[in-house]
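For reference, the structure is listed below as structure tokens.
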Amino acid sequence: MAKVQIMDHPLIQHKINFIRREDVGSKDFRTAVSEIASLMCYEATRDLELQDVQIKTPICEMTGKELAGKKLAVIPILRAGLGMVDGMLSMIPAAKVGHIGLYRDPETLEPVEYYCKLPVDCEEREVFVVDPMLATGGSLVAAVTLLKQKGVKRMRAMCILAAPEGVKAFEKAHPDVDLYIGALDDHLNDHGYIVPGLGDAGDRIFGTK
Ligand SMILES: O=P(O)(O)OC[C@H]1O[C@H](OP(=O)(O)OP(=O)(O)O)[C@H](O)[C@@H]1O
Ligand SMILES: O=c1cc[nH]c(=O)[nH]1
Ligand SMILES: [Mg+2]
């Protein structure tokens, strides 16, 4: 079964509380989303492998540790996932970036795919799929299904806010993919929005409403 981890680090919780506030404008919202993504990335990469390496300090030679050369990729779900990319890259700057465009049909709440561009060697990479919001789960489930079809074998998903409905749907569809979330909210409203949530993440990041 997939591991579902709620990242309850105080800094993450503090910043999530900040972006929930309705009076936070796009500039501050974007900055905080990026910072939350950095912190979540830091926590979600605890298990990356290290290897021994011989180095020379100004004082002497030593056996140090470095990342074991694992290739990484960050794949945001457009649009709102774009808000997490810079924060992720601040922690793992050598990662490649792919993009999956999905929007949720406002009537049916079903995800509609409109774009997909991935690193050519994505099947060899450890992939981090990022999207701030996991509501019904339709978008994340579809993105991970698509990545599996493209040959990605190692993947984890990161969402800042999740509804229990979305976590359940994701666990059922992809029990082999670990999920990291910043906060688990209460439920979805009749329009499929997370309650208490933070509203529409894409609109708040890009100022489109
Ligand atoms: O779990 P779900 O029910 O699928 O909902 C979550 C999706 O909804 C939002 O995207 P949206 O469709 O608003 O597109 P946008 O990022 O372009 O605003 C959000 O960023 C997720 O991708
Ligand atoms: O609460 C929600 C649900 C889906 N997408 C969002 O941006 N917010
Ligand atoms: Mg949106």
Side-chain angles (χ1 to χ4, degrees), residues 2 4 6 15-34 36-37 40-41 74-88 97-118 127-148 155-175 177-209:
V4 178
I6 302 175
K15 288 173 193 292
I16 289 177
N17 190 60
F18 175 74
I19 60 174
R20 286 182 189 279
R21 294 170 181 266
E22 66 174 353
D23 55 354
V24 170
S26 283
K27 179 173 172 287
D28 292 336
F29 189 92
R30 265 198 304 274
T31 303
V33 164
S34 189
I36 293 164
M40 289 183 72
C41 183
V74 178
I75 303 195
I77 302 177
L78 307 183
R79 287 176 304 166
L82 288 173
M84 297 175 71
V85 173
D86 284 352
M88 296 290 296
V97 181
H99 296 88
I100 295 179
L102 289 175
Y103 71 86
R104 198 170 71 147
D105 183 288
E107 300 300 325
T108 65
L109 302 184
E110 290 297 318
V112 182
E113 185 191 331
Y114 60 90
Y115 189 73
C116 180
K117 180 81 179 173
L118 304 175
V127 166
F128 292 80
V129 188
V130 298
D131 190 329
M133 309 302 276
L134 179 64
T136 64
S139 303
L140 188 63
V141 167
V144 169
T145 301
L146 179 66
L147 289 168
K148 285 182 176 174
M155 178 167 26
R156 38 191 113 182
M158 286 177 41
C159 300
I160 294 177
L161 280 195
E165 294 89 330
V167 173
K168 208 167 152 197
F170 186 77
E171 281 185 298
K172 182 156 183 263
H174 297 297
V177 178
D178 290 346
L179 174 65
Y180 299 91
I181 57 182
L184 183 62
D185 274 13
D186 196 59
H187 66 281
L188 295 177
N189 69 15
D190 293 344
H191 304 287
Y193 277 86
I194 298 174
V195 182
L198 51 72
D200 189 302
D203 285 337
R204 294 198 63 186
I205 289 169
F206 296 109
T208 40
K209 218 170 217 170

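Below, each value reflects all heavy atoms present in this structure, side chains not excepted, and no hydrogens, waters or symmetry copies. Counting convention: from 1, in listed order, for ligands and their atoms alike.
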Using 2.8 Å as a strict upper limit, say whether an N, O or S atom of D203 approaches the Mg ion (ligand 3) that closely.
->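 No, D203 does not qualify, because none of its backbone or side-chain N, O or S atoms lies under 2.8 Å.
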What heavy-atom pair brings V85 and P76 nearest, and what distance separates the two atoms?
->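 Residues V85 and P76, closest heavy atoms: CG2-CG, 3.5 Å.
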Nearest atoms (heavy-atom pairs only) where L188 meets A163 =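 The pair with the smallest heavy-atom distance is CD2-CB, 3.6 Å.
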What pairs of residues pass the side-chain hydrogen bond (donor to acceptor under 3.5 Å, both in side chains) test when at least one of them lies in residues 193-209, not counting sequence neighbours?
->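 side-chain hydrogen bond (donor to acceptor under 3.5 Å, both in side chains) check on residues 193-209 returns R79-D203, R79-T208, Y193-D200, D203-T208.
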At a 4.0 angstrom heavy-atom cut-off, what protein residues surround ligand 2?
->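 Under the 4.0 Å cut-off, ligand 2 touches R104, M133, A135, G192, Y193, I194, G199, D200, A201.
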When you check the gap from the basic side-chain N to the acidic O, do R21 and D28 get nearer than 4.0 Å?
->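 No, no charged N to carboxylate O under 4.0 Å.
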Residue shell around ligand 1, heavy atom under 4.0 angstrom =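 Protein residues near ligand 1 are L78, R79, A80, Y103, R104, D131, M133, L134, A135, T136, G137, G138, S139, D200, G202.
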If you measure from CG on D186 to CD on E165, what distance do you get to the nearest 0.5 Å?
->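 It is 8.5 Å, given to the nearest 0.5 Å.
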Measure the spacing between CE of M158 and CD1 of I36 and express it to the nearest 0.5 Å.
->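 These two atoms lie 10.5 Å from each other.
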Can I get a per-line list of side-chain donor-acceptor pairs under 3.5 Å for residues 167-175, giving both atom names and the distance, sequence neighbours left out?
| from | atom 1 | to | atom 2 | distance (Å) |
| --- | --- | --- | --- | --- |
| H174 | ND1 | K148 | NZ | 2.9 |
| H174 | NE2 | V141 | O | 3.1 |
| H174 | NE2 | T145 | OG1 | 3.1 |

Would a distance-only check, ignoring hydrogens and angles, find a side-chain to backbone donor-acceptor pair under 3.5 Å from R30 to I205?
->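 Yes; at least one donor-acceptor contact below 3.5 Å.
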What is the name of the N/O/S atom in D200 that sits closest to the Mg ion (ligand 3)?
->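 The atom in question is OD1.
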After noting the C-alpha distance and the side-chain angles of I160 and M84, does the key distance pass the side-chain contact (heavy atoms from CB on, under 4.5 Å) rule?
-> CA-CA 9 Å; I160 294 177; M84 297 175 71; 4.0 Å; yes
Just one of V144, L147, L78 clears the side chain to side chain contact (heavy atoms under 4.5 Å, CB included) bar with I100, so which one?
->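 It is L147; the other options fail the test.
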